[in-house]
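All remarks here apply to the structure that follows.
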Amino acid sequence: MASLIHCPHCGVRPKEEFSIRGDASLVRPDPDSSDETWNDYVHIRANPRGRYREHWQHVAGCRRWLVVERDTLTHEVFLVTDGSVRAWELGR
Amino acid sequence: MTAYRLPAGGLVDRAAALNFTFDGQVMQGFAGDTLASALLANDQVLVGRSFKYHRPRGIVTAGPSEPNALVTIGSDARTDPNTKATVAELYAGLEAKSQNRWPSLKHDIGALNGILSPFLSAGFYYKTFMWPAAFWEKVYEPIIRKAAGLGRAVLERDPETYEKCWAHCDLLIVGSGPTGLMAALVAGRAGLRVILADEGFRHGGSLLSETTPIDGAPATAFVETAIAELETFSNVTLMARTTVFGWYDDNVFGALERVQKHVAAPSSKLPVERVWRIAARRALIATGAEERPLVFGGNDRPGVMMAGALSTYTNRYGVAGGKSMAIFTSGSAGYRAAADLAAHGIDITAVIDSRADSTDVVASGTRIIRGGSVVDTKGRLRLSGVIVERSGFEENIDCDVLGMSGGFSPIIHLACQRGAKPVWSEALQAFVAPDVGAGLRLAGSAAGVYSLLACLKDGAEKSQAIIADLGLSTTSADLPAVGNELNPSFVSLWYVAGAKSKAFVDFQNDVHVKDLGLALREGFGHVEHAKRYTTNGMATDQGKLSNINAIGILSGMQGISPADVGTTTFRPFYTPVPFGALAGTSRDEHAAPKRVSPLHGWAAKNGAVFIDSGLWYRPSWFARAGEKTWRESVDREVLNVRANVGLCDVSTLGKIEVFGSDAAEFLNRLYCNPFLKLPVGKARYGLMLREDGMIYDDGTTSRLSDAHFLVTTTTALAGGVMSHMEYCAQVLWPELNVRFCSVSDQWAQMAIAGPKARLVVQALVEDDVSNVVFPFLAAKPVTLKGGLKARLFRISFSGELAYELAVPAGYGESVADAVMEAGKAHGICAYGLEALNVLRIEKGHVTHAELDGRVTPDDAGFGRMLSSQKADFIGKRLSTRFGLTAADRMQMVGLKPVDKDKDIRAGAHLLREGAKPSTLNDQGYVSSACYSPVLGQFIALAFLKSGRERYGEKVVVWDRLRGEETLAEVCNPVFVDPANSKLNA
Amino acid sequence: MVHQFQERHALEELVPLEAAASADHLAVVVRQAIVTVLAADGHERAVASVLSSDEDISVRFSAPGEWLVVSGAQTPELLHQALSALLGETAYCIDQSHGRVLLRLSGPNARAILAKGVGIDLHPSAFQIGQSANVLCAHISINLALVGGDQFEIIVMRSFAESLLHDLRQMGRAFDLSVSFSP
């Protein structure tokens with residue numbers, strides 16, 4: 001029916017404005033990395049219960065990719081940050 | 001005649017008589033009645049037949065928990081089955097029909113099911129009809145479906161309109177009884193943005209049937225004063241006829257407002273129902289408590305009603321359910337009801353109290369049987385008396401109504417809809433809401449506070465706490481004076497021993513005590529299993545009356561506490577919500593937005609037949625006079641493009657402008673083929689891969705200046721590619737200096753294709769478009785004759801000499817008209833998606849029919865495009881894995897039927913000649929097929945194992961769906977102009 | 001052959017040129033100039049400050065470093081040129097005047113009408129004059145701005161304008177919302 005996401009750029013918005021990509025902890029491997037590393041990056045996903053960081057895009061708003069940290073069981077959202085800010089932080 | 005309208009009293013407007021019909025019989029009620037109160041006033045106690053046994057059933061409650069009084073209201077397309085008569089507001093001309101009876105309510109042959117009831121016990125569906133399997137579908141199910149059930153939906157299109165709406169508030173108060181009203185007054189005075197919602201058509205909740213005076217005046221006067229004050233606050237919104245049905249994430253509540261369910265002829269300006277999404281910073285649930293029925297022999301006889309409902313009917317609606325009533329109670333509330341009824345002159349023949357040691361009294365000196373219990377009821381379609389047992393002795397007591405009161409359960413549904421489980425309170429003998437955080441609190445009877453004064457106080461205090469919690473200041477609340485209240489204590493009585501006939505737990509689903517025992521014995525004792533096995537608590541009322549007794553019975557049978565049995569899961573919706581209301585205005589052609597091309601008007605006046613293409617509405621073909629089939633039109637368009645020239649709307653392609661000093665580097669990483677050295681003024685075909693090495697999308701990208709590119713995408717993936725690029729730029733490579741934005745809607749774009757295209761284009765464009773100055777893949781800004789700035793691209797999907805001309809969207813139609821005018825001398829025609837598809841299949845060009853997510857560049861014949869020079873690009877690493885370079889991968893080929901008269905269809909599979917048709921022998925599949933008017937036969941693009949080595953081989957095209965097998969020859973997928981001489985002309 | 005090309009509005013023939021205006025009115029703006037401004041990396045603040053100091057234009061927030069600049073007075077070409085000159089290397093300016101449709105919704109019930117499609121809180125204390133946002137209106141992305149007390153401006157992609165118009169008419173029917181073109 002509804003849920004609300006606090007976009008750091010646009011404020012509180014209904015979830016319909018967003019699309020979800022998945023695990024935000026993944027770091028794109030170096031092109032020379034091993035088959036296993038690439039296989040993990042492209043194909044292997046955990047499905048954790050509890051706190052999880054995901055990439056959500058505010059498609060109908062600012063179109064920024066965001067990192068939404070939430071509980072997959074209760075859908076309590078703890079923190080929403082801009083994806084590129086976070087990418088810089090991770091030193092990508 | 002036993003039930004009747006009292007000569008005076010109640011909140012109905014006796015000056016406003018309303019005629020309505022029940023099963024065709026004309027009856028009269030008053031404004032302010034529910035259908036149920038009006039039926040009672042007309043002595044219509046029998047209102048339906050039960051689900052399984054077709055037992056006669058009467059009105060039980062005066063509210064939304066009603067299990068029996070489900071009727072069909074309206075006629076023809078405006079028919080609402082399973083409407084609760086107890087909440088349906090009466091209006092003039094209302095047509096109601098009883099349900100699940102044949103041929104009539106009084107004479108129902110389905111009642112035979114009652115005689116067969118030993119065979120219809122819990123789980124009978126699972127046990128009885130298991131064999132033979134064919135019998136289930138053909139015999140048992142149709143019979144059961146005919147015999148069991150509630151109202152029937154109509155098949156006509158729903159003529160009503162619905163809508164959805166958002167609301168935002170600091171405090172949502174659910175329920176406008178004493179608790180909610182007091183809370184709203186306090187919060188409203190403090191300046192909070194308050195929404196007060198109540199499911200009733202009149203605010204006041206239980207106060208509307210309350211006899212205890214408030215501040216020395218009737219409770220209804222308090223309601224009127226409170227509502228009048230709330231109406232003066234601009235920060236308070238009062239919503240009557242609004243059921244808050246669900247609590248969702250982030251404190252968003254769903255509510256259904258019945259805007260025009262109470263009018264005979266709805267205004268077309270308003271929806272009939274409206275779904276609200278209410279984002280509330282805080283919510284206070286003041287939904288009150290539900291009185292519990294008692295489970296005793298024959299307790300489903302029409303005339304057995306909730307004691308509180310009897311009070312409501314007399315006090316609020318001025319209706320007596322009968323002339324002589326008995327009350328069966330396990331608590332003090334039964335005495336309160338008896339006093340209310342006696343005050344209206346109704347004869348109370350006895351109050352039967354299950355408690356031997358109670359001290360409650362009724363002022364009127366009514367007979368009280370302490371330690372007694374009802375063990376059976378008498379009467380057929382209507383109660384005529386009860387059999388009371390005390391200390392081993394039985395006694396007949398005549399009455400036409402029996403009120404029952406088994407204590408109270410707080411209504412906590414909303415608080416438990418997000419996973420938190422109700423908690424058993426030994427003190428309250430009820431399940432109460434767990435602590436679900438600051439966003440939602442319960443107050444009043446919903447929190448187990450039962451006396452009127454305590455409810456008013458609790459509403460005020462909880463409201464003050466919320467105001468403080470939100471950081472605002474509050475004033476002290478003046479509580480009104482309330483006198484002479486009765487004590488609401490009770491003892492739990494889950495079922496009455498010694499029943500002489502069926503004792504029903506769930507009236508709506510015909511579940512009786514023995515069914516629960518059977519469930520337990522057969523291993524379905526867990527409360528969730530018992531629900532499914534017996535159907536207790538299912539269907540429209542979701543066990544609002546029955547669940548608590550079922551839990552109590554299951555606990556009693558096992559000798560454990562109700563806390564150990566627990567409850568079934570609470571889920572939205574609290575009461576049923578129509579699908580139409582959930583869809584709102586998003587229905588029929590407006591289910592999704594329609595996107596309209598800037599060339600739509602041009603296409604329409606040229607005879608386009610349109611087709612839905614994603615959200616777009618695109619020309620499929622352009623029919624001309626005399627053309628009898630779509631194929632005639634398409635063949636003409638194709639041949640004309642190949643021979644002369646045609647114009648096609650390609651405005652729907654995604655267009656993205658890319659800027660920045662790293663724009664070239666960005667595109668170079670995005671596409672699998674190189675883009676760093678693309679010259680300014682040139683376009684290049686590009687393939688984007690997914691990270692797994694499969695093709696994602698294709699299109700041409702042009703370099704408009706050193707640091708300015710124009711990317712085009714397919715129509716289907718315009719949005720997806722944009723998101724993908726944003727992900728790459730923002731998350732993967734934030735260090736790149738690149739910015740981009742979509743310009744898809746800014747430009748009208750038309751493909752002008754055919755050997756005579758240059759003549760047409762040159763007639764409009766100032767700049768030289770000759771092959772020398774403007775060769776294949778040229779891409780430049782141009783000026784149209786007359787001065788309009790445009791963009792011209794020498795690209796071709798059809799394989800012909802072709803240009804794509806882009807102009808600002810508003811000029812699109814006018815320019816397209818000019819192109820047609822200029823092309824007249826050269827035989828120009830408009831062509832649509834179908835012809836475009838034939839042209840590209842003939843040329844072996846791919847679309848998403850080929851690029852379906854399982855295809856690598858090499859599979860599609862683009863192996864050479866995969867750059868080995870680039871250090872990295874999306875999809876590079878996994879393109880090299882073993883499976884994607886295997887020699888027997890399916891490769892794109894062309895197919896031609898050996899027999900020229902045969903056709904081929906997309907989706908068919910390929911087999912070696914002589915191989916058994918089986919998926920084990922699968923050699924590939926047909927991705928696109930069409931009739932080629934140029935070749936005069938069907939042709940196809942297909943993916944075939946090691947296909948490029950197999951040109952000349954014959955394969956069987958196996959269409960399993962149509963049972964067809966066609967022999968076809970494998971060939972090069974470029975059927976027309978493989979040397980590209982037309983393209984480069 | 002020299003052509004005088006005619007401009008066609010996305011809502012031509014769907015909206016009357018003139019109509020008696022109800023208290024709640026939807027004006028479809030016939031001609032406007034709209035330019036997307038993308039700040040070059042590192043210039044976001046500078047561009048924002050230059051744009052906000054220009055009183056001849058109206059600036060609508062789209063995203064960090066991205067705005068829609070609206071002018072009722074200038075032609076698309078002139079606005080594009082003026083912004084390009086003003087911002088130089090600090091930003092990229094893209095003309096969207098043909099790709100967007102501008103609608104002006106005004107009246108005492110404007111908020112109630114919008115609430116039927118827009119999920120954000122439009123209460124005057126929450127969405128103030130001069131504020132703008134990219135939001136979803138039912139299924140369609142729009143840019144919504146409060147330009148006066150009860151006057152909103154909506155910018156929508158051209159291809160969605162017809163559907164949005166239909167939706168707004170539905171949303172406004174309870175209030176007799178009138179619709180007409182406006183210069």
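Every chain is numbered from 1 and lettered A, B, ... according to where its sequence line falls, protein lines coming before strand lines. What's counted below: heavy atoms across the whole structure, side chains too, no hydrogens, waters or symmetry copies.
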Under 4.5 Å from any heavy atom of chain B - which part of A/Thr37: neither
Residues A/Arg21 and B/Ser723: side-chain donor-acceptor under 3.5 angstrom: no
B/Leu878/A/His43 under side-chain contact (heavy atoms from CB on, under 4.5 Å): CA gap, chis, key distance, verdict: CA-CA 11 Å; B/Leu878 292 194; A/His43 297 118; 4.0 Å; yes
Main-chain N/O of A/Ser33 paired with B/Arg877 side-chain donor or acceptor, under 3.5 Å: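 Yes; at least one donor-acceptor contact below 3.5 Å.
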Whether B/Gln730 side chain and A/Trp65 backbone form a donor-acceptor pair below 3.5 Å: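 Here the side-chain-to-backbone pair exists.
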Step-by-step side-chain contact (heavy atoms from CB on, under 4.5 Å) determination, A/His55 to B/Tyr727: CA-CA 9 Å; A/His55 273 131; B/Tyr727 182 79; 3.6 Å; yes
Audit row: B/Val252, A/Leu4, side-chain contact (heavy atoms from CB on, under 4.5 Å) steps and yes/no: CA-CA 8 Å; B/Val252 179; A/Leu4 305 172; 3.6 Å; yes
Distance in Å, A/His75 NE2 paired with B/Asp250 CG, rounded so as to fall on 0.5 Å steps: 5.0 Å
Per-residue contact mode, [X] against chain A (heavy atom under 4.5 angstrom):
X	answer
B/Ala729	neither
B/Phe245	side chain
B/Ile874	both
B/Phe873	backbone

Test: A/Glu16 and B/Arg277 ion pair at under 4.0 Å: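 Looking at B/Arg277 together with A/Glu16, the answer is yes, because their closest N to O distance falls below 4.0 Å.
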B/Glu691 and A/Arg28 ion-paired at < 4.0 Å: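 Counted as a salt bridge, because a side-chain N and a carboxylate O are separated by less than 4.0 Å.
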Atom CZ of A/Arg49: over 12 foreign heavy atoms under 6.0 Å: no
Residue among B/Asp872, B/Val275, B/Thr880 with most heavy-atom pairs under 4.5 Å to chain A: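 Most pairs with chain A among the choices: B/Asp872.
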Evaluation steps, side-chain contact (heavy atoms from CB on, under 4.5 Å), between A/Arg63 and B/Met722: CA-CA 10 Å; A/Arg63 297 197 62 89; B/Met722 185 72 183; 3.5 Å; yes
